[in-house]
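Only one structure is covered here, and it is reproduced in the block below.
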Amino acid sequence: MRRLFIVLSICLAVIAAGCSRSEDKPSAEAAESRIVSTTVAITEILDALEVDEVVGKPTSYKELPKRYTDVVETGNPMNPDLEIIASLNPTDILSVTTLEYDLKAVFDEAGLPADYLDFTSLSSMQDEITELGQKYDRTEQAAALNNRFKEKIDEIEAKTADKDKPKVLILLGVPGSYLVATDKSYIGDLVSRVGGENVVQGENVEYLASNTEYLQQSNPDVILRAAHGMPKEVVDMFDDEFKTNDIWKHFSAVQNNRVYDLEETLFGTTGNLAADEALDELYTMLYEEK
């Protein structure tokens, strides 16, 4: 009789567990992480941390990690598909602070609160990597990744310690227009890391509207042109702007052929895994190429 009672108790427990999804106490399976990564940079970092619990990834023309080949696409990082994301029953939705202003209300209204990672500088990205490592039990992988960046930073700082600081203008192009990147932007931070002096400082935002007359007066030694969204079209736009707008020919950087187009895979609008390679590229542009 006692044996029969035990069997009945176990059966009731199994039934209760099957119904508990709608109650306050989730099953162990439901409590597992189900991560929706909405940007390429976050997705690549999660892969480097060997995080397997990703159920949603951004739609992108860029090649994403093979680890997530079969993971569902959730749309453009700036305009994610909320219905798809909700259908994935995520425990974590990860975006970046650069997009928080545009996305927070959208996610909140849909009942999908997201976390916004600060990738606006290399150091803030390292902090976020540390936190991701702790959250998903990947502390060793996070430490190894951050050590990789630290070694490159130390190397670059040693190489630039005794060099004059070149003045740098950073333009961020999007299809149809362009902005000026301040020292608060990610690329602006990388320029500072290699000893460059951004001609636009003291602002509280990452990007500003362009004022070519003011920019000419700042007389940058180097002009960096970053393409975002549709790289080829943006580079063509920049080429046309520099040919048709006479003011650019008065910039010493243009006269001295110190205008460089940044490769988008290395120079995203937020921190990413290519930061160490990007620092090497910037060092060459600011100090070695003539």
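Because the structure is a prediction, the values reported are computed rather than measured.
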*Answer yes or no: is there an ion pair linking Asp189 with Lys184, defined by an N-O contact shorter than 4.0 Å?*
no
*asked:* Whether Lys135 and Asp115 form a salt bridge (side-chain N of Lys/Arg under 4.0 Å from carboxylate O of Asp/Glu) is what I want to check.
replied: yes
*asked:* Do Lys163 and Tyr287 form a cation-pi contact, if we require the NZ or CZ to be under 6.0 Å from the six-membered ring centre and within 45 degrees of the ring's axis?
replied: yes
*Going from OG1 on Thr160 to CD on Glu155, what distance comes out if it is rounded to the nearest 0.5 angstrom?*
10.5 Å
_For Val51 and Tyr68: C-alpha separation, side-chain torsions, deciding distance, then whether side chain to side chain contact (heavy atoms under 4.5 Å, CB included) applies._
CA-CA 10 Å; Val51 175; Tyr68 308 128; 4.3 Å; yes
_Tell me if a side-chain donor or acceptor on Glu128 pairs with a main-chain N or O of Asp118 at a distance below 3.5 Å._
yes
*Heavy-atom count around Glu140 CD within 6.0 Å, excluding the residue itself: above 12?*
no
*Counting only N and O atoms by type, is there a donor-acceptor contact under 3.5 Å from the side chain of Thr59 to the main-chain atoms of Asn76?*
no
_Quick check against the 3.5 Å criterion: does Thr91 have a side-chain atom that pairs as donor or acceptor with the backbone of Arg34?_
yes
*asked:* Determine whether Glu281 and Tyr260 satisfy the following criterion, side chain to side chain contact (heavy atoms under 4.5 Å, CB included), listing intermediate values before the conclusion.
replied: CA-CA 10 Å; Glu281 287 289 315; Tyr260 305 108; over 6 Å; no
*Does Asn256 use its side chain to pair, donor to acceptor, with the backbone of Ser252 at less than 3.5 Å?*
yes
_Before you tell me yes or no, could you show the steps for Leu224 and Phe267 under side chain to side chain contact (heavy atoms under 4.5 Å, CB included), namely the whole-Å CA-CA distance, both residues' side-chain angles and the distance that decides it to 0.1 Å?_
CA-CA 11 Å; Leu224 303 176; Phe267 297 92; over 6 Å; no
*CG of Asp221 to CG of Leu169: how many Å apart, nearest 0.5 Å?*
11.0 Å
_Heavy-atom pair with the smallest gap, counting every atom of Phe107 and Tyr116_ = CD1-OH, 3.5 Å
*With the 4.5 Å side-chain cut-off for hydrophobic clustering, are Val259 and Leu262 part of the same group?*
no
*asked:* If you count heavy atoms of other groups shown closer than 6.0 angstrom to NZ of Lys150, is the number above 12?
replied: no
*Is any side-chain heavy atom of Leu122 closer than 4.5 Å to a side-chain heavy atom of Leu279?*
yes
*To the nearest 0.5 Å, how far apart are CD in Glu241 and OH in Tyr178?*
3.5 Å
*asked:* Contact between Asn211 and Val180 at the side-chain level, heavy atoms closer than 4.5 Å - yes or no?
replied: no
*Looking only at heavy atoms, which two atoms of Ser60 and Val40 are closest? And how far apart?*
OG-CG2, 3.6 Å
*From Glu109 CD over to Leu82 CG, what is the distance, rounded to the nearest 0.5 angstrom?*
9.5 Å
_Student check: side-chain heavy atoms of Asp280 and Lys152 closer than 4.5 Å_ = yes
*Check whether the side chains of Tyr136 and Glu53 place a donor and an acceptor atom closer than 3.5 Å, and report yes or no.*
no
*Report the distance from atom CG of Leu117 to atom CG of Leu132, rounding to the nearest 0.5 Å.*
5.5 Å
*Salt bridge between Lys243 and Asp239, side-chain N to carboxylate O under 4.0 Å?*
no
*Heavy-atom side-chain proximity of Leu215 to Phe251 below 4.5 angstrom*: yes
*Give a yes or no on whether the backbone of Gln255 and the side-chain of Asn257 come within a donor-acceptor separation of less than 3.5 Å.*
no
*For Ser124 and Ser121, does a side-chain donor sit closer than 3.5 Å to a side-chain acceptor?*
yes
*What about Val254 and Val200, same hydrophobic cluster or not, with Ile/Leu/Val/Met/Phe/Trp/Tyr joined at side-chain heavy-atom distances under 4.5 Å?*
yes
*Under a single-linkage definition using a 4.5 Å side-chain heavy-atom cutoff for Ile, Leu, Val, Met, Phe, Trp and Tyr, are Val72 and Ile93 assigned to the same hydrophobic cluster?*
yes
*Has the side chain of Arg225 got a donor or acceptor atom that lies under 3.5 Å from a matching backbone atom of Gly173?*
no
*Do the numbers put Arg193 on top of the ring of Tyr283, so that NZ or CZ is under 6.0 Å from the six-membered ring centre and no more than 45° off the axis?*
no
*Would you name the heavy atoms of Tyr186 and Thr269 that are closest together and state the gap between them?*
CB-O, 3.7 Å
*Single-linkage hydrophobic cluster Val222~Leu190, side-chain heavy atoms < 4.5 angstrom*: yes
*Is there a donor-acceptor pair under 3.5 Å between the side chain of Arg258 and the backbone N or O of Ile223?*
no
*Tell me, yes or no, whether the heavy-atom count around Asp162 atom CG, taken from other residues, nucleotides or ligands under 6.0 Å, exceeds 12.*
no
*Any donor-acceptor pair under 3.5 Å from Thr39 side chain to Ile42 backbone*: yes
_Heavy-atom closest contact (Pro58 atom, Thr38 atom, distance)_ = CB-O, 3.3 Å
*Over 12 non-hydrogen atoms of neighbours within 6.0 angstrom of OH in Tyr101*: no
*With distance as the sole test, does Thr182 use its side chain to make a donor-acceptor pair with the main-chain N or O of Glu206 at under 3.5 Å?*
yes
*asked:* Taking the side chain as everything from C-beta on, heavy atoms only, tell me whether Ser210 gets closer than 4.5 Å to Thr212.
replied: yes
*asked:* Do Leu46 and Val36 land in one hydrophobic cluster if side-chain heavy atoms of ILVMFWY residues count as linked below 4.5 Å?
replied: yes
_Using side-chain heavy atoms (C-beta onward) and a distance below 4.5 Å, is Leu145 in contact with Leu273?_
yes
*Might you point out which heavy atoms bring Ala226 and Ile187 nearest each other, and give the distance in Å?*
CB-CD1, 3.7 Å
*Taking all heavy atoms of Pro166 and all of Gly195, pick out the closest pair and write down the distance.*
CD-O, 3.8 Å
*Below 4.0 angstrom, N of the basic side chain to O of the carboxylate: do Asp47 and Lys66 qualify?*
no
*With the threshold set at 4.0 Å, does a side-chain nitrogen-carboxylate oxygen contact exist between Asp276 and Arg148?*
yes
_Pair Thr120-Thr270, side chain to side chain contact (heavy atoms under 4.5 Å, CB included): steps then yes or no_ = CA-CA 6 Å; Thr120 58; Thr270 69; over 6 Å; no
*Are Asn272 and Phe119 side-chain neighbours, meaning at least one heavy-atom pair lies under 4.5 Å?*
no
*Counting only N and O atoms by type, is there a donor-acceptor contact under 3.5 Å from the side chain of Asn198 to the main-chain atoms of Ala181?*
yes
_Any heavy-atom pair between the side chains of Lys57 and Ser37 that's under 4.5 Å?_
no
*So how far is it from Glu213 CD to His250 NE2, rounded to the nearest 0.5 Å?*
10.5 Å
_Other residues, nucleotides, ligands: >12 heavy atoms within 6.0 Å of Asp154 CG_ = yes
